[in-house]
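What follows is a single structure, written as structure tokens, with notes after it.
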Amino acid sequence: MDSSFGIGEVSELTGIGVDALRFYEREGLLVGPVRRDPGGRRRYSALEVEWLRMCARLRGTGMPVPDVRRYAELVRAGEGNEAERLGLLAAHQHRVEEQLAELASARDVIAAKVDLYAARLAAGTAGESWVAGPSPCVAAVPARVDEVA
């Protein structure tokens, strides 16, 4: 019984498109060479599928391709480079945490605007949501979210 997966199956299992899977292979993002069946079609093991899922997470959180490639190189090299792997992952974790903080801040501003519009619509004062003044493209950032539309 064959416990390997074709490229289409791997695409479905990982959410990575077929063209992206080929790109990952060309760019050296996999931890080993992709096996081929007698017909030349790619075959992936369950372990390779899990690796690809992790790569998708790293890429989905903005890890640059060269960093993923370096991480894959380190994994392929085996023991003895764990400190460098840790460094790569810790640096990426720090970038993701910064992104999360920026998103949380943006979410808070949007939530405040949603509350403002809901309150003004309920009070029948929605027309007051637009404040006359300088163009928002040029104006200084307002101190409060209820000062701009």
query = Is there a donor-acceptor contact under 3.5 Å from the side chain of T61 to the main chain of R57?
reply =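 Yes, T61 side chain to R57 backbone: donor-acceptor pair under 3.5 Å.
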request  = Given salt bridge (charged side-chain N to carboxylate O under 4.0 Å, His left out), test E98 with R95 step by step and report yes or no.
outcome  = CA-CA 5 Å; E98 286 178 339; R95 287 190 302 269; over 6 Å; no
request  = Could you walk me through whether L29 and Y71 pass the side-chain contact (heavy atoms from CB on, under 4.5 Å) test, one step at a time?
outcome  = CA-CA 8 Å; L29 306 186; Y71 184 62; over 6 Å; no
inquiry  = Could you report the tightest heavy-atom contact between G8 and V18, atom names first, then the distance?
reply    =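 For G8 and V18, the tightest heavy-atom pair comes out as CA-CG2, 4.5 Å.
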ask   = What heavy-atom pair brings H92 and L58 nearest, and what distance separates the two atoms?
value =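 Where H92 meets L58 most closely, the heavy atoms are NE2-O, 3.7 Å.
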task = State which residue, out of R22, E48, R35, fulfils the side chain to side chain contact (heavy atoms under 4.5 Å, CB included) condition with R42.
result =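 Only one of R22, E48, R35 forms a side chain to side chain contact (heavy atoms under 4.5 Å, CB included) with R42, namely R22.
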To the nearest 0.5 Å, how far apart are [atom1] in [X] and [atom2] in [Y]?
| X | Y | atom1 | atom2 | answer |
| --- | --- | --- | --- | --- |
| S11 | Y44 | OG | OH | 9.5 Å |
| R36 | S4 | CZ | OG | 13.0 Å |
| L21 | I7 | CG | CD1 | 5.0 Å |
| L13 | L52 | CG | CG | 10.0 Å |
| E50 | T14 | CD | OG1 | 10.0 Å |
| M63 | R69 | CE | CZ | 12.5 Å |

message = Between W51 and Y24, is the ring-ring contact (aromatic ring centres under 6.0 Å, His included) condition met? List the steps.
response = CA-CA 11 Å; W51 173 261; Y24 279 26; over 10 Å; no
